[in-house]
Amino acid sequence: MTDPDNPKPDGGTASQPEQDPSAFEDHPLEWDESENNNLAPDERASISLPAEKDDDPKLVTGQAKYTADYEKKFPDLAHARVVRSEIPHGKVTTVETSEAEEMDGVHAVLTPWSEEIPDAKYTSAGQSYPEPSPWDMNVLNEHVRYVGDPIAAIAADDVETARAAADSIEIEYEADDYVLDPEEAYSTDAPQLFAEDDVENKIVGHDYDRNRMAQIEGEIGETVAAFERDDVHVHESEWETIRQSHAQIEKHTSLAYADEDDRHVLITSTQVPNHTRRQLAHLFDIPIRDIRVSKPRVGGGFGGKQAMVVEPIPLALSLAADRPVLYEATREEEFHAMRSRHPMKVRARTAVTEDGAIEAIDLYALSNTGAYGSHGMTVAGNVGSKPMPLYSKVPNARFKADIVHTNTPQTGAMRGYGAPQGTLALEGHLDEVARDLDLDPVEFRQQHYMEVGDLDEIAGMMGGEGAERRIRSCGLDECIERGMEAIGWDSLEQPDEDHLHRGIGMALSAQGTGVAGDELGAAQLMMNEDGSFHLHVGGVDIGTGADTAFIQIAAEVLGCDEKDIVIKSSDTDVTPFDYGAYASSTTYISGTAVKKAAEDARERILYWGSKLLDEPEATLETGDGAVYSEETGASVDLEEIGYEAAYGHEEREHILGKGTHCTEESPPPFAAQFVDVTVNEETGEFDVNKLVVAVDCGVAINPGMAEGQVEGANHMSYEMAVSEGITFDDEGRPEVTDFNEYDWPTAAETPTIESILIETHEPTGPFGAKSVAEVPTNTVPPALSNAIREAVGVRITDMPITAEKIESELENGD
Amino acid sequence: MQFGLTINGESTEVDAAPDDDLASVLRSEGYTGVKCGCDGGVCGASKVLIEGEALMACGTTVEEADGTSIVTIEGLGTQEDLHPIQRAFVDHFAVQCGFCIPGMIIQTKELLEENPNPSEAEVREAIDDNLCRCTGYQKPVEAILDAAERTNGDEAVAADGGTLSDRRTNTGETHD
Ligand code: FES
Ligand code: FES
């Protein structure tokens with residue numbers, strides 16, 4: 001928060017553009033917040049306390065059930081295996097399946113021409129509807145566009161038989177030219193992946209002659225004019241990011257069967273049960289009501305399961321084989337054919353005056369979406385719309401992106417969703433600008449960054465990609481202050497050895513909380529006759545602890561113990577509609593729905609309390625498992641209320657609460673990252689001594705879980721800075737097929753991560769919460785690049801940062 | 001073929017092909033706490049104790065395991081009465097999706113029996129082949145160091161060593 005007695009160098013507003021007063025009315029600073037939303041720390045009974053995770057006892061004893069663990073429930077279950085393209089681009093001419101079909105224990109063999117394989121096009125992106133992604137995929141493909149594109153699928157009694165059957169299938173192709181490099185792909189001379197009419201639901205700016213699936217652009221102010229001004233210096237730099245794997249330890253797994261009523265059921269490891277149901281209905285032409293998608297425990301998602309990646313295959317096979325089918329991707333398939341983070345090149349330009357006022361920022365991204373376009377446009381949009389608003393005081397800003405196809409595997413949503421790529425470019429670039437101008441990198445940022453009251457127009461400049469917003473909570477100053485303290489910013493000691501140099505780098509980040517105007521969460525709360533509750537939520541816990549956060553929110557409203565709430569989440573037959581776990585929306589959107597449902601039930605509880613206590617409702621409160629009178633102190637237990645409501649003599653009622661939530665708001669959480677590194681100037685080798693990340697997530701609903709989210713995200717961000725990601729040989733074959741080759745930081749290779757939660761109060765969020773789990777994914781690559789620059793004076797702009805690159809830069813500099 | 005295994009103290013005969021991997025055999029015997037996160041031998045999720053040694057069950061054939069005594073995650077605590085290591089993982093918020101956790105806890109059990117007072121570096125080294133995508137390893141490492149405090153080899157020493165006391169965890173830290 002800004003200290004009025006200690007104004008920023010330019011008062012915080014020197015370069016603030018004149019704002020249209022009507023915008024202030026649309027986005028009032030004062031938010032009409034219900035009284036119970038802003039609880040002082042000493043009034044909190046459940047939220048903001050580190051409550052044990054609801055499912056922890058099950059998880060640590062091995063009792064929790066993930067999709068593959070349901071296998072034993074189905075004695076006639078078959079296992080699926082998929083045959084994938086061996087070439088990067090071409091047409092499949094024949095698929096020889098007779099040997100496979102004749103094998104003992106094989107129940108179905110499907111090819112692109114099989115009856116059970118739908119002809120319909122779709123996108124795997126689990127997003128809002130109509131999806132902002134092109135329908136360019138088929139379940140099995142005749143036209144293959146990457147090594148790993150699925151061609152045939154098999155269901156057999158056991159994994160070995162399925163594998164043997166798959167190996168017996170012979171495929172002939174007519175190979176086409178292929179292109180792996182996005183810059184080469186983006187031209188009319190390159191091999192073309194799609195003809196115009198191969199694609200439905202096309203996206204703005206598509207130009208398939210040049211392999212471009214979309215182009216987006218947004219601007220505020222007059223960027224070009226600002227760059228041409230006499231009084232500015234233009235700075236420019238270009239940055240490159242890796243193709244990162246989600247690498248969830250639980251692989252994509254999905255089990256399909258027909259239940260006793262012949263309804264199609266999928267038990268599946270997904271972040272998006274409702275979107276998956278809709279997509280399957282579209283593909284297979286089955287009414288939505290006849291499909292049930294149920295999510296058990298999920299072993300990690302990170303966006304990789306915000307896509308319908310595997311589900312159509314077991315469904316098609318179960319239809320063909322007339323038995324339940326389990327498809328568990330192999331780890332090799334995870335790297336070849338599931339999803340990954342979009343590799344990008346991002347160019348940053350700024351126009352800056354002599355005294356360090358940024359007059360314009362211009363960011364351009366070339367994104368490699370791989371063979372298909374799911375999440376291509378929206379991820380690229382976030383490259384600009386998430387990091388750039390951090391500098392909301394800059395009057396002119398422009399963002400542009402081209403999203404192109406290559407003959408490489410499909411990319412998709414991944415934690416951070418474009419923001420890591422944009423944050424690297426912007427935060428690395430600004431660090432260099434500060435150095436050019438001889439300014440302190442922190443003070444330079446402080447001159448321009450967001451504070452409470454700012455109207456953020458940059459977030460809204462890409463239209464559908466964001467919305468103009470008012471900043472009502474911002475803990476950036478404190479994030480920086482506490483982070484600096486924790487890393488020892490002012491007390492850095494250099495090593496004794498002359499060839500070793502230590503440096504600290506920092507970077508900032510902002511994200512959003514949910515997608516403004518484009519999400520929905522819903523919840524239902526039922527009271528039992530013993531005073532306990534069942535909470536039904538569409539929101540999805542993929543291992544983040546969302547279920548526990550929902551319970552804490554409901555318990556806070558109801559004034560009951562958390563253990564008196566039993567949660568059932570994410571089963572489309574049972575739980576209310578929800579968009580799913582993505583875009584940092586779970587606590588904010590689905591959690592607000594839970595809060596509303598609990599408030600709705602609480603009204604009826606107070607009604608019954610008033611009846612039983614014979615006191616007016618207005619004087620009653622809930623707390624400690626009871627309804628009590630603030631005036632007389634008389635109280636009645638929830639247990640008695642549950643009993644009376646169910647079995648009362650005069651009147652009966654099933655106490656039910658419902659809540660549904662959508663919003664035009666998407667308040668940013670903030671993070672300040674610090675990295676302490678020691679670099680050997682002779683070899684370029686470096687050791688990261690410590691990562692510190694301070695995050696303003698509003699009120700943390702469960703600080704223990706929130707810290708865990710921050711640390712996990714920061715580790716993923718660290719990986720993005722130091723490891724190669726998924727690489728390919730010249731024929732488009734992934735060189736990474738298992739965890740040994742996917743060279744990521746293990747426990748012994750990971751530095752200490754210190755997470756600091758800075759509490760602010762976001763009035764639009766449930767009990768003041770905003771999101772926490774994505775923003776720390778964005779910051780290590782720039783902060784490490786900045787730290788190395790500080791330590792030995794060289795700048796690495798293409799990820800990963802390696803000793804070889806540092807060494808070669810050091811040599812070039814000599 | 002029949003193989004004799006003692007699983008969590010109970011002797012059983014399992015019917016399997018000699019080169020079936022132990023992870024699949026245990027899972028089909030109902031020990032689904034044994035997790036498979038890779039196609040074999042790399043992620044550590046399938047670790048079990050075989051004669052006290054933490055090994056990846058997917059990388060061991062049932063023939064190799066014939067006649068041995070095996071402890072899976074199901075053999076440690078129960079939900080009502082957690083093992084001190086399990087309790088420490090819960091108290092430190094070291095569990096997110098939980099998929100890697102059985103393997104990590106089994107590895108911790110072996111570590112603490114061999115080295116009851118490990119340093120942070122020794123803990124990190126011990127779990128270096130237990131891959132976790134969710135936690136960043138920070139909280140698991142803290143949990144394991146605390147588990148060492150709570151146990152002495154196989155014995156629980158801390159008062160809250162092994163019981164599910166309260167759903168609210170008090171780690172003694174303040175959060176602001
Ligand atoms: S499944 Fe055994 S180590 Fe990964
Ligand atoms: S907790 Fe999810 S992989 Fe470790």
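Chain letters run A, B, ... following the sequence lines, proteins first, then strands; residues in each count from 1. Computed from a prediction, not measured in an experiment: that's the story for all the values here.
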Distance from A:K65 atom NZ to B:T32 atom OG1, nearest 0.5 Å?
3.5 Å

Ranked by heavy-atom pairs below 4.5 Å to chain B, first place among A:A700, A:G301, A:G299 goes to A:G299

Among B:C38, B:G33, B:P102, the residue with the most heavy-atom pairs under 4.5 Å to chain A is B:C38

Heavy atoms only: give me the nearest B:T135-A:E711 pair and the separation to one decimal.
O-CB, 3.8 Å

Taking all non-hydrogen atoms of both residues, which atom of A:Y66 and which atom of B:F99 are closest, and how far apart?
OH-N, 3.4 Å

Select one option (side chain, backbone, both, neither) describing which atoms of A:Y70 are under 4.5 Å from chain B's heavy atoms.
neither

Please flag which part of A:E71 lies under 4.5 Å from any non-hydrogen atom of chain B: side chain, backbone, both or neither.
neither

What's the spacing between A:R331 CZ and B:C43 SG if we round to 0.5 Å?
7.0 Å

Measure distances from A:N714 to the heavy atoms of chain B and classify the residue's part below 4.5 Å as side chain, backbone, both or neither.
neither

Bottom line for A:A68: the part with an atom under 4.5 Å from chain B's heavy atoms is both

Check whether A:P751 gets within reach of chain B through its side chain, its backbone, both or neither, counting any heavy atom under 4.5 Å.
backbone

When rounded to the nearest 0.5 angstrom, what distance separates OH in B:Y137 from CD1 in A:I753?
10.0 Å

CD-CD1 distance between A:Q63 and B:I73, expressed to the nearest 0.5 angstrom
9.5 Å

Is there a side chain to side chain contact (heavy atoms under 4.5 Å, CB included) between A:E160 and B:D20? Walk through the geometry before answering.
CA-CA 10 Å; A:E160 289 69 43; B:D20 279 355; 5.8 Å; no

Which bit of B:I105 is near chain A, if near means a heavy-atom gap under 4.5 Å: side chain, backbone, both or neither?
side chain

Pairing donors with acceptors under 3.5 angstrom, does anything connect the side chains of B:Q96 and A:Q709?
yes

Between B:G75, B:C100, B:G41, B:S28, which has the largest tally of heavy atom pairs under 4.5 Å with chain A?
B:S28

Top contributor to chain B interface from A:E754, A:R297, A:H715 [non-hydrogen pairs under 4.5 Å]:
A:H715

So, the part of A:I542 with a heavy atom under 4.5 Å from chain B: the answer is backbone

Looking only at heavy atoms, what is the nearest atom pair of A:T61 and B:Q79, with distance?
OG1-CG, 3.5 Å

Measuring heavy-atom distances to chain B, does A:S245 have an atom under 4.5 Å in its side chain, in its backbone, in both, or in neither?
backbone

If you draw a 6.0 Å radius around CD in B:E13, do more than 12 non-hydrogen atoms from other residues or ligands fall strictly inside?
yes

Beyond-backbone contact of A:T750 with B:R124, side-chain heavy atoms, under 4.5 angstrom
yes

A:N702 versus chain B, the contacting section by heavy-atom distance below 4.5 Å
side chain

Could you walk me through whether A:W744 and B:R133 pass side chain to side chain contact (heavy atoms under 4.5 Å, CB included), step by step?
CA-CA 10 Å; A:W744 55 348; B:R133 187 46 150 176; 3.5 Å; yes

Check whether A:T544 gets within reach of chain B through its side chain, its backbone, both or neither, counting any heavy atom under 4.5 Å.
neither

Tell me which one of B:N130, B:D128, B:D129 satisfies side-chain hydrogen bond (donor to acceptor under 3.5 Å, both in side chains) with A:T746.
B:D128

Flag the one option from A:M716, A:E250, A:E749 with the top tally of heavy-atom pairs under 4.5 Å to chain B.
A:E250

Verify the neighbour count for atom CG of A:D624: are there more than 12 heavy atoms of other residues, nucleotides or ligands below 6.0 Å?
no

Looking only at A:I249, A:L59, A:T752, most heavy-atom pairs under 4.5 Å shared with chain B are made by A:I249

Considering all heavy atoms of both residues, which atom of A:F302 and which atom of B:C134 are nearest to each other, and what is their separation?
CZ-SG, 3.6 Å

Only pairs of heavy atoms separated by less than 4.5 Å count here; which of A:A748, A:G545, A:A747, A:G712 has the most with chain B?
A:A747

Atom of A:K72, atom of B:R27 and distance for their closest heavy-atom approach:
CD-O, 4.1 Å

Working to the nearest 0.5 Å, report the span between NZ of B:K139 and CD of A:E707.
4.0 Å

Is it the backbone or the side chain of A:A247 that comes under 4.5 Å from a heavy atom of chain B, or both, or neither?
both

Contact origin within A:K58 toward chain B - heavy atom pairs under 4.5 Å
both

Identify which part of B:T72 has an atom lying under 4.5 Å from any heavy atom of chain A, answering side chain, backbone, both or neither.
neither

Flag yes if more than 12 heavy atoms outside A:K73 fall under 6.0 Å of its NZ atom; otherwise flag no.
no

Can you say whether B:L131 sits under 4.5 Å from chain A via the side chain, the backbone, both, or neither, judging by heavy atoms?
both

For residues B:Q86 and A:V60, report the shortest heavy-atom separation together with the two atoms involved.
NE2-O, 2.8 Å

